[in-house]
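Report on one structure; see the data block that follows.
All chains are named by letter (A, B, ...) in the order of the sequence lines, taking the proteins before the strands, and each is independently numbered beginning at 1.
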Amino acid sequence: MIEKYGEKEEVKEKKKLELPPLPNAEKGKVVMRFAPNPNGPATLGSARGMIVNGEYARVYDGKLVIRFDDTDPRTKRPMLEAYDWYLEDLEWLGYKADEVVYASKRIPVYYEHVEKLIEMGYAYACLCKRDEFKRYRDAGIECPHRNLSPEESMEVWQQMLDGKLEEGEAVIRIKTDMKHKDPAIRDWVAFRIIYESHPLVGDKYVVYPTLDFESAIEDHLCNITHIIRGKDLIDSERRQKYIYAYFGWEYPVTKHWGRVKIHEFGKLSTSTIRKEIEKGTFKGWDDPRVPTLRAIRRRGFESEAIRNFFLSLGVGENDVSVSMKNLYAENRKIIDEKANRYFFVEKPVLARIEGLETGELEVEVELPLNPAKGGIRRLKASSEVFISENDMQRFEEGDVVRLKEFCNVKLVDKEKNIFEFVGKEMEGAKKGKNIIHWLPPADSMECLVLGSERDYYGKVEKAVIKEKGKVVQFERFAFCRIEGVFSGIERGIGERGIEETETGELVRAIYTHP
RNA sequence: GCUCCGGUGGUGUAGCCCGGCCAAUCAUACGGGACUCUCGAUUCCGUGACCCGGGUUCAAAUCCCGGCCGGAGCACCA
């Protein structure tokens, strides 16, 4: 017994997922960061950033800072609630932020830095129109404003701050190299004028830094040692290194990962989700059809599964296209032994069993509650039971089927759903698909299961109401998370394509995965 | 078009830096058997990959060159 246990432990140890070592990482000195823009809630994609950065901070006994790069109140307008949602999600995934930074609250700091750069002649006020500058850039020619004296640039900068200029009239550019072979690097924009109230800081500022500038300054100020992010930001490094050189700072070690595409969610972006929510297609940011962490959590996924899923993806620079099935497999490993078992009869039909003796009707049928932990649950024996139409269709008259743990019955009239009692013992019934789940009307209640592809309606054991908030397995159906008992409009029926039948109470559950 | 980056089974991933121990790891998927009063779990077996072409070398998934394919950036977005 002890030996066996030891073996098991060893196997578990082996399976433990690990990230590759971080270059130049010293235990206790690593500072990682996760830098989202809260223009919507965290998605599965954000989870990768939280997990990889959080994990490195953890294994190196380092620090994790979460920084909100919320410097565009218009195009990527932050969402007020999302700030805290990010913090919650991070915590749910098992990581704690040692420091929380809000870029929009630190704008004066960026002002100071750019002013220094202007004074040193490394940044200048550019009055070119957008298209005008694009032509200079593509041709590799310096624009006329590049040689403005620091004093002249400062004057324009002051006018920008004072709100004396229109949007687009002037920007601050960082001097790089107008002949740089990569046009993306040439004299990039550090500040622009935006007349728009910011959700967090209101109308306090009209000049906002771009991500490249803000994050360059903050990474240094926060003492970030390693940056791991998507490869869409790979150019940032080449741009920001100019600033680092001007200030004599050392650029953190960087690593970039490729794009993750999850088959099941296709091209659902934050902005399309928002649109669909506004249109009413999705019920909210935690609608089970949406790839947000809130929705994933509501569906009953364990954070440990999400973590393993992303660790298995590694930090490679190539793009990956992966299926939710992998996540299901990870989650199943964790919840299979935790989840209690119940019967949920989808599309119930009431079947009548003839020939049951009174004695056989006075008993309660015992069913295993949990194959790993043991325990039993009870259902009343009954001469009328709900079975699923999905099962009913498959049977022919004369077939003997097993009502799991209850009795064997023979179908005698398929039209009227009439069965005949055969016996209590197993023998005579074929194993496999002929063992079906069932429910006595007295022990059942209405149930709606909200799924990611479609919803399911049926009857469930009354006893599941004890499982509120937990994931259970509806035998021969799927793992589901029980949300609770609802009535009235809370029921959710009728809104999602399932016909309203009754108006009483029902159990609402969320489909986790098969 | 310009600039970067990447290409290992169906899907991910290890190995590549420091060539041989790689007829290539692990997971998942798939096929089949066992077990189980769930279509879940467990268990056993099986299928299946180094993008192509040159070069260097006694030896290349690993180094070099060329091609092909894929991706990202070229915003007063993040």
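A:G168 comes within contact range of at least one nucleobase, with a heavy-atom separation under 4.0 Å. Contact annotation for A:C128: base contact, defined as any heavy-atom pair under 4.0 Å involving a base atom. When heavy atoms are screened at a 4.0 angstrom cut-off, A:R259 is found touching the sugar-phosphate backbone but no base atom. A:S215 comes within 4.0 angstrom of nothing in the nucleic acid, heavy atoms only. At a threshold of 4.0 angstrom between heavy atoms, the contacts of A:D391 include nucleobase atoms, whether or not backbone atoms are also involved. Across all strands shown, A:D232 has heavy atoms under 4.0 Å from base atoms, whether or not it also approaches the sugar-phosphate.
As rounded to the nearest Å, B:rG6 and B:rG12 have C1' atoms that lie 15 Å from one another. B:rU57 and B:rG73 have their C1' atoms separated by 38 Å, given to the nearest Å. Here, B:rA24 and B:rC69 have their P atoms 31 Å apart, quoted to the whole Å. Spacing of P atoms, B:rG32 relative to B:rA72, comes out at 39 Å, to the nearest Å. On the P atoms, B:rC45 is 47 Å away from B:rG66, given to the nearest whole Å. As rounded to the nearest Å, B:rA14 and B:rC26 have P atoms that lie 14 Å from one another. Distance noted for atom P between B:rC58 and B:rC74: 48 Å (whole Å).
The side chain to side chain donor-acceptor pair (under 3.5 Å) contacts involving residues 152-162 of chain A comprise A:E115-A:W157, A:S149-A:E152, where partners must be two or more places apart or lie in separate chains. Identified under the side chain to side chain donor-acceptor pair (under 3.5 Å) test for residues 370-379 of chain A, with sequence neighbours left out: A:E366-A:R378, A:R377-A:E461, A:R377-A:E475. Sorted by first and then second residue, the pairs that involve residues 173-191 of chain A and meet side chain to side chain donor-acceptor pair (under 3.5 Å), not counting sequence neighbours, are A:Y124-A:D187, A:R146-A:D187, A:T176-A:D187, A:H180-A:Y242.
Applying a 4.0 Å cut-off to non-hydrogen atoms, the residues of residues 132-140 of chain A that approach RNA chain B are A:K134, A:R137, listed by residue number.
With sequence neighbours left out, the ring pair (Phe, Tyr, Trp, His ring centres under 6.0 Å) criterion links A:Y136 to no other residue. The ring pair (Phe, Tyr, Trp, His ring centres under 6.0 Å) search around A:Y244 returns A:W249, A:Y251, not counting sequence neighbours. In terms of the salt bridge (charged side-chain N to carboxylate O under 4.0 Å, His left out) criterion, residue partners of A:K231 (sequence neighbours excluded) are, by chain and number, A:D319. Not counting sequence neighbours, the partners of A:F477 by the ring pair (Phe, Tyr, Trp, His ring centres under 6.0 Å) test are A:F344, A:Y456, A:Y511. Shown here are the ring pair (Phe, Tyr, Trp, His ring centres under 6.0 Å) partners of A:Y110, two or more places apart in sequence or in another chain: there are none.
Applying the Watson-Crick and G-U wobble criteria (two distances, each under 3.5 Å), B:rU25 pairs with nothing in any strand. In this structure, B:rG20 and B:rC58 make a Watson-Crick or G-U wobble pair, each of the two defining distances being under 3.5 angstrom. As the counterpart of B:rC30, B:rG46 is assigned, both hydrogen-bonding distances of the Watson-Crick or G-U wobble pattern falling under 3.5 Å. Shown here, B:rC74 forms a base pair with B:rG1; the pair counts as Watson-Crick or G-U wobble because both key distances fall under 3.5 Å. Pair assignment for B:rG6 gives B:rC69, based on Watson-Crick or G-U wobble hydrogen-bonding distances that are each under 3.5 Å. Base pairing analysis places B:rC39 opposite nothing; no Watson-Crick or G-U wobble pair with both distances below 3.5 Å involves it.
When the nucleotides B:rC77, B:rU13, B:rG73 are ranked by their closest atom to the side chain of A:V320, B:rU13 comes out on top. Each of B:rU11, B:rU38, B:rC77 was ranked by its minimum atom distance to the side chain of A:Q473; first place goes to B:rU38. Of the listed nucleotides (B:rA41, B:rC76, B:rU8), B:rA41 has the atom at the smallest distance from the side chain of A:D336. Closest contact between the side chain of A:E405 and the listed nucleotides B:rC39, B:rC76, B:rC37 involves B:rC37.
Residues A:H263 and A:R130 each lie close to RNA chain B; by heavy-atom proximity, the contact nearer the 5' end of the strand is made by A:H263.
Using a 4.0 Å cut-off between charged nitrogen and carboxylate oxygen, A:D138 and A:R135 do not count as a salt-bridge pair. Here A:E167 does not pair with A:R130 in a salt bridge; the nearest charged N to carboxylate O distance is not below 4.0 Å. Salt bridge A:D443/A:K380: present, at least one basic N to carboxylate O contact under 4.0 Å. With respect to A:D336 and A:R341, a salt bridge is recorded, a charged nitrogen being found less than 4.0 Å from a carboxylate O.
Residue A:K404 places no side-chain atom within donor-acceptor reach of the base of B:rC37, judged by atom type and a 3.5 Å distance cut-off alone.
The nearest whole Å value for the distance from the CE atom in A:M426 to the P atom in B:rC37 is 6 Å. The CZ-C1' distance, from A:R192 to B:rA75, rounds to 10 Å in whole Å. Computed from coordinates, the A:R274 CZ to B:rA78 P distance equals 15 Å when rounded to whole Å. Rounded to whole Å, atom P of B:rC77 lies 13 Å from atom CZ of A:F191. When rounded to the nearest whole Å, the span between OH of A:Y328 and C1' of B:rG12 equals 17 Å. A:Y124 has its OH atom 12 Å from the P atom of B:rC76, to the nearest Å. In this structure, CH2 of A:W188 is placed 13 Å from C1' of B:rA75, rounded to the nearest angstrom. As rounded to whole Å, 19 Å separates atom P of B:rA75 from atom CD1 of A:I193.
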Contacts under 3.5 Å, N or O only, protein and nucleotides 3-5 of chain B:
{"unit_1": "B:rU3", "atom_1": "O2'", "unit_2": "A:D182", "atom_2": "OD2", "d": "3.1"}
{"unit_1": "B:rC4", "atom_1": "OP1", "unit_2": "A:K181", "atom_2": "NZ", "d": "2.9"}
{"unit_1": "B:rC4", "atom_1": "O2'", "unit_2": "A:R238", "atom_2": "NH1", "d": "3.3"}
{"unit_1": "B:rC4", "atom_1": "O2'", "unit_2": "A:R238", "atom_2": "NH2", "d": "3.3"}
{"unit_1": "B:rC5", "atom_1": "O2'", "unit_2": "A:E317", "atom_2": "OE2", "d": "2.3"}

Expected rows: protein N/O vs nucleotides 28-36 of chain B N/O, under 3.5 Å:
{"unit_1": "B:rU28", "atom_1": "O2'", "unit_2": "A:N326", "atom_2": "OD1", "d": "2.9"}

Protein-nucleotides 44-47 of chain B N/O pairs under 3.5 Å:
none

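The side-chain contact (heavy atoms from CB on, under 4.5 Å) test with A:D72 is passed by exactly one of A:R192, A:R77, A:E214: A:R192.
For the 3.5 Å distance criterion, the side chains of A:N408 and A:E425 fail to qualify, holding no donor opposite an acceptor.
When ring centroids are compared, A:Y208 and A:F191 stay outside the 6.0 Å threshold.
OP1 or OP2 of B:rA75 has not a single side-chain nitrogen or oxygen of A:T75 nearer than 4.0 Å.
In this pair, A:F68 and A:Y83 present their aromatic rings perpendicular. The plane angle is above 60°, beyond the 30 to 60° band.
Looking at A:T512, its side chain does come within 3.5 Å of a backbone N or O of A:R299 through a donor-acceptor pair.
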